[in-house]
2 protein chains.
Amino acid sequence: MYSGCMSANASERLIEATRSLLWERGYVGTSPKAIQQAAGAGQGSMYHHFTGKPDLALAAIRRTAEEMRAAAERVLGAQGPAYARIEAYLLRERDVLRGCPVGRLTMDPEVIADDELRAPVDETLDWLRGRLTGIVQEGLDNGEFSGPMRPEEIASTVVATVQGGYVLARASGSPAAFDTAVRGLLALLSPRTP
Amino acid sequence: MYSGCMSANASERLIEATRSLLWERGYVGTSPKAIQQAAGAGQGSMYHHFTGKPDLALAAIRRTAEEMRAAAERVLGAQGPAYARIEAYLLRERDVLRGCPVGRLTMDPEVIADDELRAPVDETLDWLRGRLTGIVQEGLDNGEFSGPMRPEEIASTVVATVQGGYVLARASGSPAAFDTAVRGLLALLSPRTP
DNA sequence: GTCTATAGGAAGATAGAC
DNA sequence: GTCTATCTTCCTATAGAC
């Protein structure tokens with residue numbers, strides 16, 4: 001397991017550097033040279049541990065996907081009513097202007113064209129939708145939510161609002177745009193108290 | 001005005017080729033050489049009409065932004081109740097798997113870092129949010145919508161759901177994911193008939 | 001495991017001829 | 001307006017020494 005310390009072995013440093021660069025610049029915008037410099041590793045080191053850029057990117061994407069899933073589960077798996085858990089997920093702290101390290105990759109043509117690189121992205125967002133579907137269903141079962149809603153549709157809307165919130169925030173250069181979209185969704189989801 | 005015919009002048013062909021490549025590959029993933037080949041123009045031609053890649057990209061982005069705004073206005077400016085117009089906007093035909101040619105640019109580090117390139121993106125999404133805000137306000141005024149909703153928040157949620165819908169569709173490789181998110185939002189927006 | 005050397009091609013232009 | 005030549009740096013490796 002990765003220790004997180006500055007002097008981890010080269011393989012670890014390369015993966016972490018790649019994760020950071022993929023988040024910031026995407027796959028197309030990330031070169032092996034930039035990775036090596038960020039990791040403090042030479043070319044020989046990189047090509048010893050990985051067969052090339054796609055191989056290293058795959059390791060980085062898989063780890064990022066796993067971390068995102070774990071972070072979501074920490075919030076969604078908490079105790080409490082369905083609405084509260086969805087609200088906690090939507091309001092959880094985020095590095096909004098950096099965008100979503102997983103969702104971002106969907107705009108990368110070379111990630112989308114490569115089934116192996118796309119798979120962790122697809123699986124992570126799919127898992128998240130499934131997890132939220134179950135929670136919305138809970139809310140319907142216990143009478144917290146009402147109306148004609150289909151759980152899997154609401155779950156998709158929640159994930160889409162978050163992903164689109166990043167787009168609005170980055171376009172405007174301000175995290176406020178993300179929060180506004182999320183508050184709108186929470187108002188629509190909010191159990192009516194007539 | 002651009003005639004759309006195959007043998008337009010080189011400047012037009014360069015702009016159209018750049019629009020297409022920016023949509024598909026983003027700014028970082030689009031090279032002058034690729035643009036010239038797609039446009040059937042040489043280097044001399046490109047650098048005669050434009051000072052460089054950023055200049056050409058700016059012309060392309062401005063045109064794409066203008067077209068997106070016009071397309072949205074055709075649907076949002078139609079006659080009818082607020083809900084129907086928002087529904088028409090959400091359900092309008094889209095090249096879902098290609099993503100949004102404007103929103104996509106927010107994931108490009110060099111677009112976001114350059115205020116001139118980012119401006120058309122920001123202005124277009126901001127215009128769209130404003131236009132939707134007015135329509136939601138209309139719906140509240142005439143009693144079509146009820147509840148604690150703030151128009152500008154709902155408008156942001158609508159735009160975010162669309163932008164995030166593209167992310168889900170591209171991740172899964174299927175336009176269905178977009179539609180699911182949109183249907184969830186429509187269910188939440190749907191005027192209750194108790 | 002890591003380093004340096006080497007390599008063919010692309011990126012992003014500039015200069016000058018036609 | 002468009003073409004070709006030229007330039008520097010970067011991209012994405014492979015080979016072989018240490």
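Below, read A as the first sequence line, B as the second, and so on, with proteins coming before strands; counting in each chain starts at 1.
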Between A:Pro54 and B:Ala41, the residue closer to the 5' end of DNA chain D by nearest nucleotide is B:Ala41

Using heavy atoms and a sub-4.0 Å distance, could you list which residues of residues 19-27 of chain B are near DNA chain D? By number, please.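 Hits under 4.0 Å, by residue number: none.
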
Please round to the nearest 0.5 Å and tell me the distance separating atom CG of A:Asp108 and atom CG of A:Leu117. 9.0 Å

If the condition is side-chain hydrogen bond (donor to acceptor under 3.5 Å, both in side chains), which residues does [X] pass it with, not counting sequence neighbours?
| X | value |
| --- | --- |
| A:Arg129 | A:Asp126, A:Ser156 |
| B:Asp141 | B:Gln137 |
| A:Glu153 | B:Arg183 |
| B:Arg131 | B:Glu73 |

Using distance only, find each side-chain donor-acceptor pair of residues 79-87 of chain A under 3.5 Å and give its atom names and separation, not counting sequence neighbours.
residue	atom	partner	partner atom	Å
A:Tyr83	OH	A:Leu186	O	3.3
A:Arg85	NE	A:Gly80	O	3.4
A:Arg85	NH1	A:Leu76	O	3.0
A:Arg85	NH2	A:Glu138	OE1	2.6
A:Arg85	NH2	A:Glu138	OE2	3.0

First-last contacting nucleotides on DNA chain D - partner chain A, under 4.0 angstrom, heavy atom: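 In short, chain A contacts DNA chain D from D:dC10 to D:dT14.
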
Would you mind listing every side chain to side chain donor-acceptor pair (under 3.5 Å) that reaches into residues 31-50 of chain B, with sequence neighbours excluded?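 Listed once each, the pairs would be none.
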
Quick one: side chain to side chain contact (heavy atoms under 4.5 Å, CB included) partners of [X], sequence neighbours excluded?
| X | result |
| --- | --- |
| A:Ala39 | A:Arg13, A:Leu14, A:Ala17, A:Ala41 |
| A:Thr124 | A:Ala65, A:Met68, A:Val102 |
| A:Ala78 | none |

Restricting to nitrogen or oxygen on both sides, can you table the protein-nucleotides 10-12 of chain C pairs closer than 3.5 Å?
residue	atom	partner	partner atom	Å
C:dA11	OP1	B:Ser31	OG	3.3
C:dA11	OP2	B:Ser31	OG	3.4

